[in-house]
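Every value quoted in this text rests on a predicted model; they were computed, and no experiment measured them. Whatever order the structure lists ligands and atoms in, that order sets their numbers, starting from 1.
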Amino acid sequence: MCGIVGYIGEKNAVPILLEGLRKLEYRGYDSAGIAFLMGGNLGVRRSAGKLKNLESSIEAEISSGVGIGHTRWATHGRPCEANAHPHRCGRVAVVHNGIIENYAELKAELSKRGHRFSSETDTEVIAHLIDERLSNGLDLESAVRQSLGDLKGAYAISVVAEGRPDVLVAARAGCPLVIGLGAGEFFVASDLPPILGYTKETIFLDDYEMAILCREGVKVTDLYGKSREKEVCRVQWSPAMAEKGGYKHFMLKEIYEQPQSIRDTSLCRISPSGGVVFEDFSVPESVLRGARKAALIACGTSWHSCLIAKLWLEELARLPVEVDIASEFRYRNPIVGPDTLFVAVTQSGETADTLAAMREAKKLGAKAVTICNVVGSTAAREADGVIYTHAGPEIGVASTKAFTAQLTALFLLAVRIGTLRGIVDNEMAAFLLGELSAMPGKVEQTLSIMDEEMGRLARIFYKARDFLYLGRGYNYPVALEGALKLKEISYIHAEGYAAGEMKHGPIALIDEKMPVVVLAPSDDVFEKVASNIEEVRSRGGQVIAFTTDTDRRLEGKADYLYRVPDTVPCLTPILMAVPLQLLAYRIALLRGSDVDQPRNLAKSVTVE
Ligand code: AGP
């Protein structure tokens with residue numbers, strides 16, 4: 001997820017663009033750049049790293065009435081100046097948010113026509129497509145419109161071109177873009193924060209719409225050039241509210257971004273033939289096919305996703321899997337070698353223990369893959385192969401969308417390996433990937449039901465001193481995750497346990513003051529979990545149970561009963577995680593915790 005801005009008007013665009021990028025840094029901050037038209041010439045300034053690096057690279061005398069800017073969260077191509085936006089070709093500069101799925105074939109076709117590329121990004125092909133059409137005599141609007149017709153995937157773009165200082169073109173498909181209507185000046189941005197300081201009159205573009213901004217006004221058309229009447233919305237948000245998309249906290253915003261992050265992590269990897277394809281994945285298939293075992297390593301929430309992935313890999317690929325907490329792995333004498341597929345799961349790509357474990361495994365000869373959310377992070381650079389989660393920046397310390405995006409990526413990996421090892425046939429792959437493709441919609445459904453329900457539940461239990469979370473099979477790690485979410489943002493002591501372990505100790509904890517969250521989807525261990533619920537209730541414990549839509553067997557058997565949409569049992573963790581995230585958030589809110597930056601915690605633990 002990146003941030004784009006644009007301005008056309010009588011003021012100097014440069015400070016407006018920089019201020020706008022600063023307000024979008026939460027969308028991505030690994031590199032930034034601007035393009036502007038000055039004295040009829042196109043200028044571009046870009047830099048890797050934080051926005052301040054860009055600011056110091058822009059000469060004070062630069063002044064222009066039209067320009068575009070970009071702050072990047074890399075999806076293709078590591079963070080560096082060459083990959084920073086705007087991307088330029090000839091007279092054209094483009095900034096882009098999204099993923100162009102067919103960029104490789106477009107790049108190959110353009111290369112055959114003599115185009116030379118200077119970056120690893122998907123975005124650069126857009127600049128070349130537009131410039132080529134300008135050279136063929138099209139005007140800027142038509143050149144952009146026709147080029148967009150070549151693209152497959154998601155985009156929000158802004159374009160300026162030498163020789164056209166009086167126009168800025170913007171368009172969107174699948175990524176947000178909002179137009180600001182000022183007095184003789186017009187703005188475009190990925191989100192409201194850069195605009196609200198200048199105007200509250202806005203137009204929200206819809207998919208496959210283009211906006212042509214000039215000093216006299218804004219024209220909106222479809223991709224065939226047909227004009228579109230657009231409603232002008234007067235926005236009531238304050239700039240601060242807008243940065244979080246109107247949500248009170250980044251954590252809540254990120255919980256709600258999960259349908260999109262699951263979609264972005266999965267759709268571009270499910271091929272039309274029903275298989276799994278990882279773009280730019282440099283671990284040979286022979287390693288995936290021939291590994292004698294897999295070692296999954298991570299910390300915290302990422303470790304929980306490894307525990308679930310173990311079950312998927314053993315079931316779908318019949319691959320023996322060991323899961324270790326990174327800080328434990330690195331200090332024991334692990335049995336790892338060239339026949340081990342080592343997978344480090346890390347949102348930040350900078351967790352010290354996870355990096356150390358990966359280095360240890362590589363030293364022992366294993367091939368290392370990382371499932372990571374930050375392009376160009378240390379883990380991504382040191383691994384032999386990377387599978388990115390496309391969750392966008394996760395600002396809240398408590399991991400939410402990164403967790404379900406990790407599960408999405410790991411599930412795809414399990415299906416891929418299962419297919420390569422001849423365990424998963426085409427029919428099974430199509431079924432499983434079909435269920436995964438339905439996940440974004442089911443998560444949306446879950447969010448729409450559960451937020452209010454969890455708010456009500458939070459008001460009942462937010463003063464509890466302890467919580468117990470129980471689950472079995474795929475949902476035992478989700479019980480661990482639910483407990484971690486609660487403890488790290490509400491500071492309530494919470495423990496996740498395998499439900500079958502109750503008799504081996506935890507049942508001694510049960511009394512009327514102990515709320516017990518039980519994950520009981522309709523699967524082959526449901527009856528066992530139902531009897532655990534009985535054990536808890538017969539000792540006075542209060543049971544908060546989560547089951548799946550059509551299962552009625554827990555009616556009257558739990559004190560509080562909630563339902564998530566039905567899905568194949570192995571994918572219930574993605575849906576079960578959502579209400580637990582919301583419950584933790586709502587309880588923490590009632591307890592007055594700093595939800596986005598809880599005490600004692602950092603977003604990325606870069607030290608031991
Ligand atoms: C989860 O909510 C925590 N923020 C923490 O456990 C986190 O998952 C852990 O530190 C691992 O971080 P990583 O995924 O960036 O490696």
Query raised in the report: ligand 1 and Thr301, any nitrogen or oxygen pair closer than 3.5 angstrom?
Result: yes

Requested in this report: Please could you name the atoms of ligand 1 that Lys485 approaches to less than 4.0 Å, counting only its heavy atoms?
Outcome: 1 (C), 2 (O)

Query raised in the report: Looking only at distance, does Val397 have an N or O less than 3.5 Å from an N or O of ligand 1?
Result: yes

Query - Thr400 and Gln258 side chains, donor-acceptor separation under 3.5 Å - result: no

Query raised in the report: In the protein, which heavy atom is nearest to atom 14 (O) of ligand 1, and how far is it?
Result: Ser302 OG, 2.6 Å

Requested in this report: Could you find the nearest protein heavy atom to atom 9 (C) of ligand 1 and give me its residue, atom name and distance?
Outcome: Cys299 O, 3.8 Å

Query raised in the report: Considering only the protein, which heavy-atom contact is closest to atom 12 (O) of ligand 1, and what is its distance?
Result: Thr351 OG1, 3.5 Å

Requested in this report: Would you check if there is a donor-acceptor pair between the side chains of Thr572 and Asn475 at a distance under 3.5 Å?
Outcome: yes

Query - Nearest non-hydrogen protein atom, atom 15 (O) of ligand 1 - result: Ser348 OG, 2.7 Å

Query raised in the report: Considering only heavy atoms of Ser399, which atoms of ligand 1 have at least one such atom less than 4.0 Å away?
Result: 1 (C), 2 (O)

Requested in this report: Look at atom 10 (O) of ligand 1 and say which protein heavy atom is nearest, naming residue and atom and giving the distance to 0.1 Å.
Outcome: Val605 CG2, 4.0 Å

Please set out all donor-acceptor pairs under 3.5 angstrom arising from side-chain atoms of residues 461-472, sequence neighbours excluded.
residue : atom : partner : partner atom : Å
Asp466  : OD1  : His493  : ND1          : 3.1
Arg472  : NE   : Asn532  : OD1          : 3.2
Arg472  : NH2  : Asn532  : OD1          : 3.1

Query raised in the report: So do Pro334 and Asp324 actually touch side chain to side chain, heavy atoms under 4.5 Å?
Result: no

Query raised in the report: Can you find an N/O atom of Gln406 closer than 3.5 Å to an N/O atom of ligand 1?
Result: no

Report task. Using a 4.0 Å heavy-atom cut-off, say whether Glu350 meets ligand 1 through its side chain, its backbone, both or neither. Result -> neither

Report task. Check whether the side chains of Ser302 and Gln347 place a donor and an acceptor atom closer than 3.5 Å, and report yes or no. Result -> no

Query raised in the report: For Thr389 and Asn373, does a side-chain donor sit closer than 3.5 Å to a side-chain acceptor?
Result: yes

Query raised in the report: Which protein non-hydrogen atom lies closest to atom 2 (O) of ligand 1, naming both residue and atom, and how far is it?
Result: Glu488 OE2, 2.4 Å

Query raised in the report: Among all residues two or more places apart in sequence or in another chain, which pass the side chain to side chain donor-acceptor pair (under 3.5 Å) test with Ser47?
Result: none

Requested in this report: Please state which part of Thr346 comes within less than 4.0 Å of ligand 1, counting heavy atoms only: side chain, backbone, both or neither.
Outcome: both

Query raised in the report: Do Thr121 and Thr123 have side-chain atoms, one donor and one acceptor, less than 3.5 Å apart?
Result: no

Report task. Assess whether side chain to side chain donor-acceptor pair (under 3.5 Å) is satisfied between Ser522 and Asp566, documenting all intermediate values. Result -> CA-CA 8 Å; Ser522 185; Asp566 279 323; 5.9 Å; no

